[in-house]
Amino acid sequence: MASFQTVKGFRDFFPEECALRNYITETWRSVARRYGFVEYEAPLVEETNLYRKKSGDEITNQLYCFLDKAEREISLRPEVTPSLARMATARQRDFKKPIKWFQIGPCFRYEEPQKGRGREFIQFNADILGDSSPATSAELIALAIDVVREFGISADDFIIRLSNREIWNTFLADKKIAEEHTTTFLSIIDKIERARPEETEKKLGLIGLTLAEVREFMASTDESHPAFAALRENLTARGLWQFIKIDATIVRGLAYYTGVVFEVFDTKHGLRALAGGGTYDKLCSLMSDGGVDMPAAGFAMGDVVLGLLLKQTPGAQMKLTSAYLAASSIDAFVVVADEAQRPHALAAVQSLRAAGIRIDYNFGAQKVGKQFQTAEDRKARFAIVFGAEYPEVVIKNLLARSQSAVPVGGLVEEVQKLLAEPAIGPLIT
RNA sequence: GUGGCCGUAGUUCAACGGUAGAGCCCCAGAUUGUGAUUCUGGUUGUUGCGGGUUCGAGUCCCGUCGGUCACCCCA
């Protein structure tokens, strides 16, 4: 038994998990680029005050924070948006608007680990700054949809729940409710499906509302509401409106959202939110003390819930499996059948690798049968045998179980030619 | 931060309060130039850690660390 364990809530990435992580991050990156987003990165740690300034209690009591050797208050980043706002406002004149940026990297939250939640997770952030039109939200939602679909998760498997905080602002204004109650009110709405009705009624009563009138307003809010008109037109033109479900209870806890808010959920497994985001037009102004007033919108997607969903969705799992195979397999295994030929085999190993072919071999003398077994275990397509017949070498196709001999001088070209052919072999491996 | 369940070999799990075991994995051999199957042999533990009860604790009690699930909230 090892003396050390991982720190609570952190995880090891053994090759299988690492392949999953890489597959997820590479997919995020490729789809984001397809949408014209450019990658950036921010520090893993920031002054704790950066997060205090931006957020309500939700984030700050989940901060993974500590004092460094110079007694500075430091936090591991719980999210990247505050850093983004700091970076973007600091140099906003250097970039043409709209700024379309994405980021992929670990974030940390100090909370109790549970299903779909650790203290470390990898997050994908996509944000658009400097354009306040509904087209930004539409672009982000479209990106979120295409990212999820790229993993092999189909329209049956997920849904976007969409709302807009402005409909509640209008509602409160109509009811003559003071603006100071807005935050309290939104947190009641956020919990309305989970809390007991009597309690909700009581809390609403304190700010001068009844549950009945709130419910009536919610029931009357659907996709025909004017607040969604432009977004609906945009996403309908893209053929993506079918993924949207209007849900007025989506307000999102983070205090800084101002308009459109949305969350991505799976439809079959009751998992936590896959992704969430919205518009946050005031954040840049807040973070720059009024220096830069720049509209913004964005969303974040985490790797943990997504990974759970990928493993549970058949179409997604096939892609996942082939990504793992591609990450762990080699093209050919060099078998040293006669130790006297090892120097020649090593020379060939180097030549093959220089040509970009993935090659492995056994470090020391080993029975030929064992070497073939290793080649099989490594999912190599070919075994290349160096034996007494050198300078002839034998190339064996491990799937078709056929073999041929070539002079060593033509080995690299021959292997390249064979690898270019489609793999043929037993369907069941 | 609060609560439930769990912690035994690399791994999955057994073991009535009474000598810590099995399958798989791994290594070697049967098989000295060809992959399966099979067979044989072998390595591996301060039972997470620390106290307590007991003649005796993997087992019961307390604490602690970790895992897991839920609350809270969210990626």
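Sequence lines set the chain letters: A, B, ... in the order given, protein chains first and strands last, and positions in each chain run from 1.
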Of all the nucleotides listed (G33(B), U31(B), A28(B)), which has the minimum atom distance to the side chain of Lys367(A)? U31(B)
Should the pair Arg109(A)-Glu120(A) be classified as a salt bridge under the 4.0 Å nitrogen-to-oxygen rule? no
Pick the C1' atom in A14(B) and in G58(B), then give their distance to the nearest Å. 12 Å
Taking atom P in both C61(B) and U53(B), compute the distance separating them and give it to the nearest angstrom. 15 Å
Pairing nucleotide - G45(B), Watson-Crick or G-U, each distance under 3.5 Å: none
Output yes when a side-chain donor or acceptor of Thr279(A) lies under 3.5 Å from a complementary backbone atom of Val260(A), and no otherwise. yes
Nearest-angstrom distance, C1' atom, C49(B) to U8(B): 14 Å
If we take the P atom in both A57(B) and G18(B), what is their distance in whole Å? 11 Å
The side chain of Pro113(A) lies closest to which of these nucleotides: U32(B), G33(B), U68(B)? U68(B)
Nearest-Å distance once atom P is located in both C60(B) and C72(B): 32 Å
Separation of U11(B) atom P from Glu16(A) atom CD, nearest Å, is 15 Å
Does the structure show a Watson-Crick or G-U wobble partner for C60(B), both distances under 3.5 Å? Name it, or say none. G52(B)
Gln114(A) CD to G1(B) C1', straight-line distance once rounded to whole Å: 13 Å
CG of Asp338(A) versus P of U34(B): gap in Å, rounded? 14 Å
Give none if A28(B) has no partner; otherwise give the nucleotide forming a Watson-Crick or G-U wobble pair with it, both distances under 3.5 Å. U40(B)
Closest-nucleotide ordering on RNA chain B, the 5'-leading residue of Ala300(A) and Val368(A): Val368(A)
Determine whether Lys379(A) and Ile330(A) make a side-chain contact, defined as any pair of heavy atoms from C-beta on separated by less than 4.5 Å. no
Any base atoms under 4.0 Å from Lys396(A), or only sugar-phosphate, or nothing? Heavy atoms, all strands. base
Please give the distance between the P atoms of C16(B) and U40(B) as a whole number of Å. 29 Å
Polar side-chain contact Gln403(A)-U34(B) base: donor and acceptor under 3.5 Å: yes
Quick check: on RNA chain B, is the nucleotide nearest Ala275(A) upstream (toward 5') of the one nearest Gly369(A), or the reverse? Name the residue that is more 5'. Gly369(A)
Considering every strand shown, what is the Watson-Crick or G-U wobble mate of G1(B) when both distances are under 3.5 Å? C71(B)
Can you measure Ile395(A) atom CD1 to G33(B) atom P for me and round it to whole angstrom units? 21 Å
For G7(B), give the paired nucleotide (Watson-Crick: N1-N3 plus N6-O4 or O6-N4; G-U: N1-O2 and O6-N3; both under 3.5 Å), or none. C65(B)
Just checking Leu306(A): base, sugar-phosphate only, or nothing, at a heavy-atom cut-off of under 4.0 Å? nothing
I'd like to know whether the aromatic ring centres of Tyr110(A) and Tyr64(A) sit less than 6.0 Å apart in this structure. yes
Pi-cation contact, Tyr51(A) with Arg77(A) (under 6.0 Å, within 45°): no
Do Asn125(A) and Tyr40(A) have side-chain N/O donor and acceptor atoms under 3.5 Å apart? no
Residue Phe372(A), side-chain heavy atoms: nucleotide from A70(B), U34(B), G33(B) that is nearest: U34(B)
Assign Val335(A) to base, sugar-phosphate, or nothing according to its heavy-atom contacts below 4.0 angstrom with the strands shown. nothing
So which nucleotide from A28(B), G66(B), G33(B) ends up closest to the side chain of Lys8(A)? G66(B)
Tell me yes or no: between the side chains of Gln62(A) and Arg119(A), is some donor less than 3.5 Å from an acceptor? no
Select base, sugar-phosphate, or nothing to describe what Glu120(A) touches, counting heavy atoms under 4.0 Å on all strands. nothing
Within this structure, what is the CZ-to-C1' distance between Arg272(A) and C72(B), rounded to whole angstrom? 10 Å
Using atom CD of Gln366(A) as one end and atom P of U34(B) as the other, report the distance to the nearest whole Å. 14 Å
Classify Gly277(A) by what it touches in the nucleic acid, base, sugar-phosphate, or nothing, heavy-atom distance under 4.0 Å. nothing
Rounding to an integer number of Å, can you tell me how far Arg196(A) CZ sits from C71(B) P? 16 Å
Rounded distance in Å between the C1' positions of G67(B) and C27(B): 31 Å
Under 3.5 Å donor-acceptor pair, Glu389(A) side-chain atoms to G33(B) base atoms: yes
Look at all strands and tell whether Asp377(A) reaches a base, only sugar-phosphate, or nothing, counting heavy atoms closer than 4.0 Å. nothing
Across the strands shown, which category fits Ala388(A) at heavy-atom distances under 4.0 angstrom: base, sugar-phosphate, nothing? base
Intermediate values then yes/no, ring-ring contact (aromatic ring centres under 6.0 Å, His included), Phe265(A) and Phe158(A): CA-CA 6 Å; Phe265(A) 283 90; Phe158(A) 76 102; over 10 Å; no
Expressed in whole Å, how much space separates the C1' atoms belonging to G48(B) and U54(B)? 23 Å
In the structure shown, which nucleotide is the Watson-Crick or G-U wobble counterpart of G33(B), with both distances under 3.5 Å? none
What is the distance, to the nearest angstrom, from the CD atom on Glu112(A) to the P atom on C72(B)? 15 Å
Watson-Crick or G-U wobble partner for A20(B), using a 3.5 Å limit on both distances? none
Using a heavy-atom cut-off of under 4.0 Å over every strand shown, decide if Arg378(A) touches base, sugar-phosphate, or nothing. nothing
